[in-house]
**Q** 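One structure, pasted below without further comment.
Everything numeric here is computed off the predicted structure, so don't read it as measured data. Whatever order the structure lists them in is the order used to number ligands and atoms, beginning at 1.
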Amino acid sequence: MNRVNLVVGLQWGDEGKGKIVDHLAQNHDFVCRFGGGHNAGHTIVVDGKKYALHLMPSGVLNPKAKNIIGNGVVLSPSNFIKEMEQFKNLEGRLFISDKAHLLLPYHALIDQAKERLKGDKAIGTTGKGIGPAYVDKVARVGHRVGELLDVEELSSKIVNYFSHTKPIFDAMGIDTPTREELLEELSHYRDILKPYITDTTKLIWSVIDEGRSVLLEGAQGTMLDIDHGTYPFVTSSTTISAGACLGLGLSPKDIGDVTGIAKAYCTRVGNGPFPSEDLGADGNRLREQGHEFGTTTGRPRRCGWFDVVALKHAVRINGVDRISLMKLDVLDGFEKIKVCIAYDIDGKRVDYVPYDLEGAKPIYKEFKGWKSTKGVREFKDLPQTAKDYIESLEEMVGCRIGIISTSPEREDTIIR
Ligand code: GDP
Ligand code: IMO
Ligand code: MG
């Protein structure tokens, strides 16, 4: 049976999924996004040129790979159209699910207003409207991409929805467009997106049945998963392997190899618990050396050390076959490297991810650093202390590290 390959983030997002999906896309016919929206920021560097992708699958830089945006995605037409402008000849190699949900400008306004109202309890969302778009989907008042094919009716439905929600929108200081304004905006989206809208479930089934190779690209990371992350400091979608089935119309039996992406240290953007965060000089150094500033919002990322406990949780929940360890070179020059091996919660040693990570203190093991790994492409060429670090992580996490990345460039990748 032909099975699809899957790439998922194992930490709090920004692990380097884009680089690995682009790398693996060289050997795949289709690359598919299954969840999230333009909160994602996947950076790919090819021959020194940098691309920042948000909704577009990272297969787009490989002219041979075709790209699918699945039903699990929330799609902002205005943002996606801007993103499409970077690429030529997308027709015939980009397919958007008619069942994906539309993320419209009012979703972003609601997201920002709710964050403002939460004050110091804010989640620190990207402000893109992801939560409100998924809320509407689950509340069964959302609109799907397929509805763009009849903009007259869609405009009427949205205006009707505004008439019910007006008091709430007024309280949040949100102006809603008139039917005419909506019609003009939605017609523009339809004119551009129509050639790409299709039944992607049917498409992916036929691609699989023909024996062609398919790669699924996760967004965000396991610890941001709506069910299994650090709730409520999470995103609003299913970011783990299971989300790939939901977000494309696949069965669990369709999933083949699962590659989990993890940085050699850890970062998080936005609020919420992060036990191995380093608020001192080392954290700042990781941020500088790793250029840890958000691809989507430009926010400085919180930085800290590799968390074995969270990784074990992520490996189990995603069914990871091999880990791809990213940004090893960012640890170059550190004399000592810390790894969180357990948590101290109220004086008790905890070696699993508990109900609430708030207040969990890291218990560290220290490793000896190395001078340089930057650009290394063969495992044998790594410094011995870097090899020791990788092999210890493998042992502690209980999963093979099959890929190691040593720079943002596509080719600076060790395949073991
Ligand atoms: P994603 O959201 O998981 O796709 O990750 P992002 O693109 O948001 O963040 C990862 C960042 O690290 C990007 O700027 C990549 O170009 C960069 N990157 C990926 N792999 C490596 C690596 O091995 N070394 C270094 N120094 N940078 C890397
Ligand atoms: P990629 O795919 C890192 C975080 C936000 C915030 C929380 C909720 O690039 O790894 P949202 O706007 O989704 O409602 O915000 O989730 N977040 C991400 N952090 N990488 C991402 O995507 C993220 N997408 C959302 O910072 O803490
Ligand atoms: Mg990112």
**Q** Give the residue and atom name of whichever protein heavy atom lies nearest to atom 13 (C) of ligand 1, and the separation in Å to one decimal.
**A** Thr43 CB, 3.5 Å
**Q** Where the closest heavy atom to atom 2 (O) of ligand 2 is concerned, which of His42, Arg301, Glu115 has it?
**A** His42
**Q** Does ligand 1 have a heavy atom under 4.0 Å from the side chain of Thr406, from its backbone, from both, or from neither?
**A** backbone
**Q** Does an N or O anywhere in Gly16 fall below 3.5 Å from an N or O of ligand 1?
**A** yes
**Q** Do any N/O atoms on Leu224 end up under 3.5 angstrom from N/O atoms on ligand 2?
**A** no
**Q** Is it the case that ligand 2 has an N or O less than 3.5 angstrom from some N or O of Val269?
**A** yes
**Q** Taking only residues at least two apart or on different chains, which pairs with a member in residues 122-140 satisfy salt bridge (charged side-chain N to carboxylate O under 4.0 Å, His left out)?
**A** none
**Q** What atoms of ligand 2 come closer than 4.0 angstrom to any heavy atom of Gly41?
**A** 1 (P), 9 (O)
**Q** Only heavy atoms of Gly270, strictly under 4.0 Å: list the atoms of ligand 2 that pass.
**A** 27 (O)
**Q** Any ion pair linking Asp332 and Lys371 (charged N to carboxylate O, less than 4.0 Å)?
**A** no
**Q** Just to confirm my output: which protein heavy-atom neighbour is closest to atom 10 (C) of ligand 1, and how far is it?
**A** Asp14 O, 3.8 Å
**Q** Enumerate the residue pairs fulfilling salt bridge (charged side-chain N to carboxylate O under 4.0 Å, His left out) with a member in residues 302-314, sequence neighbours excluded, ordered by first and then second residue.
**A** Glu277-Arg302
**Q** Does the side chain of Asp388 come under 3.5 Å of the side chain of Gln384 through a donor N or O and an acceptor N or O?
**A** yes
**Q** Counting non-hydrogen protein atoms only, what is the nearest one to atom 16 (O) of ligand 1? Give residue, atom name and distance.
**A** Pro408 CB, 3.5 Å
**Q** Go through ligand 1 atom by atom and flag the ones less than 4.0 Å from a non-hydrogen atom of Lys19.
**A** 20 (N)
**Q** Can you tell me which portion of Asp111 lies within the under-4.0 Å heavy-atom range of ligand 2? Options are side chain, backbone, both, or neither.
**A** neither
**Q** Could you give the distance from NZ (Lys114) to CG (Leu117), rounded to the nearest 0.5 Å?
**A** 9.5 Å
**Q** Please identify which atoms of ligand 1 are closer than 4.0 Å to at least one heavy atom of Ser407.
**A** 20 (N), 21 (C), 22 (C), 23 (O), 24 (N), 25 (C)
**Q** Under 4.0 Å from a heavy atom of Met326: give me the atoms of ligand 1 that qualify, with their elements.
**A** 20 (N)
**Q** For ligand 2, which atoms have a heavy atom of Trp12 less than 4.0 angstrom away?
**A** 3 (C), 19 (N)
**Q** Rounded to the nearest 0.5 Å, what's the gap from OG1 on Thr165 to OH on Tyr106? Could you check?
**A** 8.0 Å
**Q** Please could you name the atoms of ligand 1 that Ser405 approaches to less than 4.0 Å, counting only its heavy atoms?
**A** 20 (N), 21 (C), 22 (C), 23 (O)
**Q** List ligand 2 atoms under 4.0 Å from Ala219, heavy atoms only on the residue side.
**A** 2 (O)
**Q** Taking only residues two or more places apart in sequence or in another chain, which ones pass ring-ring contact (aromatic ring centres under 6.0 Å, His included) with Phe367?
**A** Tyr389
**Q** Where on Lys263 is there a heavy atom closer than 4.0 Å to ligand 1, on the side chain, on the backbone, on both, or on neither?
**A** neither
**Q** Should Arg301 be listed as contacting ligand 1, given a heavy-atom distance under 4.0 Å as the test?
**A** yes
**Q** Checking the N or O distance criterion of under 3.5 Å, is ligand 2 in contact with Gln220?
**A** yes
**Q** Verify the distance criterion only: is there a donor paired with an acceptor across the side chains of Thr413 and Lys19 at less than 3.5 Å?
**A** yes
**Q** Check whether any heavy atom of Val234 sits under 4.0 Å from an atom of ligand 2.
**A** yes
**Q** N/O of Lys128 under 3.5 Å from N/O of ligand 2, yes or no?
**A** no
**Q** Consider every N or O of Ser236 and every N or O of ligand 2, then say whether any pair is closer than 3.5 Å.
**A** no
**Q** Any luck finding a side-chain donor-acceptor pair between Tyr265 and Gln289 under 3.5 Å?
**A** no
**Q** From atom 2 (O) of ligand 1, work out which of Gly13, Gly41, Ala40, Gly9 has a heavy atom at the shortest distance.
**A** Gly41
**Q** Between His38 and Thr126, is there a side-chain heavy-atom distance shorter than 4.5 Å?
**A** no
**Q** Give me the nearest non-hydrogen protein atom to atom 12 (O) of ligand 1 as residue plus atom name, then the distance to 0.1 Å.
**A** Lys327 NZ, 2.9 Å
**Q** Quick one: which ligand 2 atoms are inside 4.0 Å of a heavy atom on Lys17?
**A** 1 (P), 2 (O), 10 (O)
**Q** Side chain, backbone, both or neither: which part of Arg299 comes within less than 4.0 Å of ligand 2 when only heavy atoms are counted?
**A** side chain
**Q** Which of the atoms of ligand 1 are close to Gly18, meaning less than 4.0 Å from one of its heavy atoms?
**A** 4 (O)
**Q** With a cut-off of 4.0 Å, which atoms of ligand 2 are near a heavy atom of Ala40?
**A** 1 (P), 2 (O), 9 (O), 22 (O)
**Q** Could you tell me the residue and atom name of the protein heavy atom closest to atom 26 (N) of ligand 1, and the distance to it rounded to 0.1 Å?
**A** Asp329 OD2, 2.7 Å
**Q** Heavy-atom distances under 4.0 Å are what count here, so tell me which part of His42 touches ligand 1: side chain, backbone, both or neither.
**A** both
**Q** Keeping waters out of it, list the protein N, O or S atoms under 2.8 Å from the Mg ion (ligand 3).
**A** Asp14 OD1, Gly41 O
**Q** For ligand 2, which atoms have a heavy atom of Gly124 less than 4.0 angstrom away?
**A** 5 (C), 6 (C), 26 (O), 27 (O)
**Q** Looking at ligand 2, does any of its N/O atoms fall within less than 3.5 Å of an N/O of Asn39?
**A** yes
**Q** Geometry only, no angles: is Thr235 polar-contacting ligand 2 at N/O separations under 3.5 Å?
**A** yes
